**Q** 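Quick one: the structure is below, questions incoming.
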Amino acid sequence: MTNIDRLTKKLDILADAAKYDVSCSSSGSNRKNAGGGLGNGHKSGICHTYTEDGRCVSLLKILLTNHCIFDCAYCVSRRSNDIERAAFTVDEVVSLTINFYRRNYIEGLFLSSGIFKDADFTMERLLRVVKKLRLEENFNGYIHLKTIPGASDELTREAGLYADRMSINLEMPTESGLKLLAPEKSHADVERPLGFVKDEIVRFKEERALIKSVPKFVPAGQSTQMVIGATPETDMEIMRTADRFYRDFSLKRVYYSGYVPISMDNRLPRIGSQPPLIRENRLYQTDWLMRFYGFHVNELLNESNPHLDIDIDPKLGWALRNLQFFPVDVNTAAYRQILRVPGIGVSSAKKIVQARQFGRLRIDQLKKMGVAYNRARFFIRCADGPYQLKDYQHTQIKSFILAESESKYLKSSVQQLALF
Amino acid sequence: MKIYLIDGSLESILCAVFEWFERKPGKVRLVRQSEYRPDAFSEILKIVNRRDSADRVWKGLKNKLPAVWMRRFYCTFLSELPEAPQLLFDFACYIFSAGKGTGGKNTAAAHAYRANDPENNYGHPAVLGIAQVAVKVEREKHRMEAFIRFKQLQNDRQEAQKGAMHSRDGLYYCVIEPDFNVIPLIAKHFRDRYADQCWLIYDLRRHYGIHYDLQNTQEVSLDREAERGLLKQAGTSAPEAETQHTELWRHYFRSTNIKARKNTKLFMRHVPKRYWRYLTEI
């Protein structure tokens, strides 16, 4: 076996093992290409290609090794799983990253690892890779590094000086779910290092404000990931956990990963069952509503409706439950109210509040600006909106909207009549 | 309706704006000279390009508009769409005739009045049109930043096989066929990012490219013969060392896919087929 074959084989194994980590964003860092070296950060990130499943590929996402001392039931690399094991050397990872980067294949490196020996040993090895990239190769591209829970503060702090983003996965949305599948782990193990890095980010930022030469520390912030559908949590529990982590640890992102069955373990969904893709989509929509649309998690999910609707999106669902806030007059209402109308997104809402300074807005103008008028028309008033005599019930509005919209999910279940 | 005949350059569009304000003839249609078919009913005026008039209009726009809108204006020109000259002309005329505007000034007072600047009137067809075309051009620019795939040109094959070749050496080249003329927009990105390697990005559709030689970027154009050679190089006949990297990349691309989540429709939306030709992994 030649060198290149061996490397190809390792890449196959360790990329395959890393793929269940859904985070692939390369945004949030504006690291400059210092001293005419290689690479820089792109503020909004760049997706260089997409896999067949429609997920973006912007980073070279690999494990340093898939040897692991833990035995978490939901993980492919668990100790008891009978799979091929491999490990990269530091030089191999560095050369792969540099050669891919120079050809504009990737935005940078996403490096994770199974835990071999102990946390410090693993973290130290990860640190060697990023240090070599930054210091010897003068590489200024994006680096996303996993914080290994249980590693010493010194190692974590040093890693933060070279990485753009750091993350630790929460794995299960609730403590009880985690205990069921990974008895050796707990949420507290994750919260401690998340909190440590968060405090360090704040400290470095304050010092940088005073002294310019203080280096950047994890400029793109931290993120985490939860596995959805492996354990029986409600959407409410999931989103409340997400909300708490956004607030307590100033996370940039929480990722929701629909569980892809990989194990015969009877605590988990069977191999071959479909990953919960629609549910995952609805959770992301809720996440966006919380971060960009000014919704509080309890408005979207609460004890009386702990699950998101599958057939309609959470924003429409909220509007139908709260018809007392509508109709909203786009020519007079506040930006925050316009933002809550189903069918109007952030960029159309901004255009509306700017454009109405110049005259009352009409339907055709709204349509041209990008408002989904067929959906929004039940909730707004504008200059030439039709006069509506009767108030519709929320069930009626829902059926009107569903009747004229094509769900991207339901398409296959609707049977077209055969012609002959 | 009056018709202004232009040659399609930015200068001619700006001169048309200058001309309109000289005579204020009401509604005007811009037509490229090459596309003009005479008819009996409309009056025509041939726009003569004058550098100083164009400069005055450009400066005037700069005083009126914030930097974002100047960029949108330029992007719309680069779109090369048939409706672009008319949009630019209508937009410029509207901006000059509507109110004072606070322009690029960034003072607190300017900020307070900015909401009333004419470029915020998205109800106006030219304003909305420019904003929407600019989004398309920026999207294409972003796609080129993502989908360009460099190949490394190796002069000395033996050296490469010995492994003496450093990843920095040798020209990194690629060919593209973007929908819009985005090379002027992407040059800075690649210069900043790949400051320590020589590279060449060549637009086959518009027959020109940019070359970076570690110091400057320069516009280059090749004759047809050389273009064919470049295309062939970019295709199958790459040197062995280069094939190793493309093979590794293909392997990575396959391994990182989750089969259970297959979603072809989403994939096609993100990577439309017209880009596949130059993508190494597909």
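Residue numbers begin at 1 in each chain, while the letters A, B, ... track the order of the sequences. Nothing here was measured: the structure is a model prediction, and the numbers come from that model.
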**Q** What heavy-atom pair brings B/S255 and A/D12 nearest, and what distance separates the two atoms?
**A** OG-OD1, 3.0 Å
**Q** Using non-hydrogen atoms only, which part of A/L60 is less than 4.5 Å away from chain B: side chain, backbone, both, or neither?
**A**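 Both parts, backbone and side chain.
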**Q** Taking all non-hydrogen atoms of both residues into account, name the closest pair between B/A146 and A/C47 and its distance.
**A**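 Answer, listing the atom of B/A146 first, then A/C47: CB-O, 3.2 Å.
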**Q** For B/K259, is there any backbone N or O sitting under 3.5 Å from a side-chain donor or acceptor partner on A/D53?
**A**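 A pair under 3.5 Å: no.
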**Q** Nearest 0.5 Å, what's the OG1-CZ distance between A/T8 and B/R250?
**A**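 If we round to the nearest 0.5 Å, A/T8:OG1 and B/R250:CZ are 12.5 Å apart.
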**Q** Before you tell me yes or no, could you show the steps for A/H48 and B/E281 under side chain to side chain contact (heavy atoms under 4.5 Å, CB included), namely the whole-Å CA-CA distance, both residues' side-chain angles and the distance that decides it to 0.1 Å?
**A** CA-CA 11 Å; A/H48 282 273; B/E281 63 272 13; over 6 Å; no
**Q** Can you tell me how far NE2 of B/H251 sits from CD1 of A/I13, rounded to the nearest 0.5 angstrom?
**A**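 Going from the CD1 atom of A/I13 to the NE2 atom of B/H251 covers 12.0 Å.
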**Q** Decide if atom NZ of A/K132 counts as having more than 12 heavy atoms of other residues, nucleotides or ligands within a radius under 6.0 Å.
**A** yes
**Q** So, using side chain to side chain donor-acceptor pair (under 3.5 Å) as the criterion, who are the partners of B/K188 when residues are at least two apart?
**A**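 B/K188: side chain to side chain donor-acceptor pair (under 3.5 Å) contacts with B/D192.
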**Q** Can you tell me which portion of B/F190 sits under 4.5 Å from chain A's heavy atoms? Options are side chain, backbone, both or neither.
**A** side chain
**Q** Using side chain to side chain contact (heavy atoms under 4.5 Å, CB included), reason through A/K19 and B/R261 one step at a time and then give a plain yes or no.
**A** CA-CA 12 Å; A/K19 72 186 177 187; B/R261 298 178 58 105; over 6 Å; no
**Q** When heavy-atom pairs shorter than 4.5 Å are enumerated against chain B, which of A/L361, A/L38, A/N140 gives the highest number?
**A** A/L38
**Q** With a 4.5 Å cut-off on heavy-atom pairs, point out which of B/I282, B/V271, B/L128 contacts chain A the most.
**A** B/L128
**Q** Does atom CZ (B/R254) have a neighbourhood of more than 12 heavy atoms from anything else shown, all under 6.0 Å?
**A**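 Enclosed: over 12 neighbouring heavy atoms sit under 6.0 Å from CZ of B/R254.
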**Q** Examine whether an atom of B/T246 lies under 4.5 Å from a heavy atom of chain A, and if so say whether it belongs to the side chain, the backbone or both; otherwise answer neither.
**A**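 Both backbone and side chain of B/T246 come within 4.5 Å of chain A.
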**Q** Decide side chain to side chain contact (heavy atoms under 4.5 Å, CB included) for B/W249 and A/I106; before the verdict, give the C-alpha distance in whole Å, the side-chain angles of both, and the deciding distance to 0.1 Å.
**A** CA-CA 10 Å; B/W249 175 238; A/I106 52 170; 3.8 Å; yes
**Q** Working to the nearest 0.5 Å, report the span between OH of B/Y122 and CE of A/M369.
**A**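 One gets 9.0 Å once the value is rounded to the nearest 0.5 Å.
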**Q** Using modelled atom types only, decide if a donor and an acceptor are shared between the side chain of A/R55 and the backbone of B/T256 within a distance under 3.5 Å.
**A** yes
**Q** Just to verify, what does B/D90 make a salt bridge (Lys or Arg N to Asp or Glu O under 4.0 Å) with, not counting sequence neighbours?
**A**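 Salt bridge (Lys or Arg N to Asp or Glu O under 4.0 Å) check on B/D90 returns nothing, list empty.
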**Q** What are the two closest heavy atoms between B/N121 and A/A355, and how far apart are they?
**A**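 Minimum heavy-atom contact is OD1-O, 4.2 Å.
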**Q** Do you know the tightest heavy-atom contact between B/H245 and A/Y105?
**A** O-CE1, 4.2 Å
**Q** Taking all atoms of both residues into account, what is the closest heavy-atom pair of A/G36 and B/D196, and its distance?
**A**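 That closest heavy-atom pairing would be O-CB, 3.4 Å.
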**Q** Hey, are B/R193 and A/Y101 close enough side-chain-wise for a donor-acceptor pair under 3.5 Å?
**A**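 On atom types as modelled, these side chains qualify, holding a pair under 3.5 Å.
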**Q** Under a 4.5 Å heavy-atom cut-off, does chain A meet the side chain of B/I258, its backbone, both or neither?
**A** both
**Q** Can a donor-acceptor pair be found between the side chains of A/R102 and B/Q152 at a distance below 3.5 Å?
**A** no
**Q** Start with the C-alpha distance between B/L266 and A/Y50, add both sets of side-chain angles, then the distance that settles side chain to side chain contact (heavy atoms under 4.5 Å, CB included), and finish with yes or no.
**A** CA-CA 9 Å; B/L266 185 60; A/Y50 291 81; over 6 Å; no
**Q** Within a reach of under 6.0 Å around CD of B/E83, are more than 12 heavy atoms found that belong to other residues, nucleotides or ligands?
**A**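 Enclosed.
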**Q** What part of B/Q132 is in contact with chain A, defined as an atom under 4.5 angstrom from a non-hydrogen atom: side chain, backbone, both or neither?
**A**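 Only the side chain of B/Q132 comes within 4.5 Å of chain A.
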**Q** Does any N or O in the side chain of B/N257 come within less than 3.5 Å of the main-chain N or O of A/T51, such that one atom is a donor and the other an acceptor?
**A**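 Looks like no, no N/O pair under 3.5 Å.
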**Q** State the CG-CZ distance between A/N104 and B/F147, to the nearest 0.5 angstrom.
**A** 11.0 Å
**Q** So for atom CZ, which belongs to A/R270, do other residues, nucleotides or ligands contribute more than 12 heavy atoms lying within a distance under 6.0 Å?
**A** no
**Q** Heavy atoms only, distances under 4.5 angstrom: which of A/D16, A/T49, A/V57, A/L11 has the most pairs with chain B? Name it, please.
**A**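 The residue among A/D16, A/T49, A/V57, A/L11 with the greatest pair count is A/T49.
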**Q** Can you find a pair of side-chain heavy atoms, one from B/L248 and one from A/F100, that are under 4.5 Å apart?
**A** yes
**Q** Roughly how far apart are B/K151 NZ and A/R103 CZ, rounded to 0.5 Å?
**A** 10.0 Å
**Q** Chain A heavy atoms under 4.5 Å from B/T264: which part of the residue, side chain, backbone, both or neither?
**A**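 Interface part for B/T264: backbone (N, CA, C, O).
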**Q** Need one label for A/R362: side chain, backbone, both or neither, based on atoms under 4.5 Å from any heavy atom in chain B.
**A**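 Neither the backbone nor the side chain of A/R362 comes within 4.5 Å of chain B.
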**Q** Is A/I46 close to chain B through its backbone or its side chain, or both, or neither, when contacts mean heavy atoms under 4.5 Å?
**A**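 Looking at A/I46, backbone and side chain both touch chain B.
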**Q** Under 4.5 Å between any side-chain heavy atoms of B/N120 and A/F358, yes or no?
**A**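 Heavy-atom side-chain distance check passes, below 4.5 Å.
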**Q** Under a 3.5 Å distance rule, please check whether B/Y252 uses its side chain to pair with a backbone N or O of A/K61 as donor and acceptor.
**A**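 It does hold such a pair.
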**Q** A/E52, A/Q365, A/E107: which one forms the most heavy-atom pairs within less than 4.5 Å of chain B?
**A**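 The answer is A/E52.
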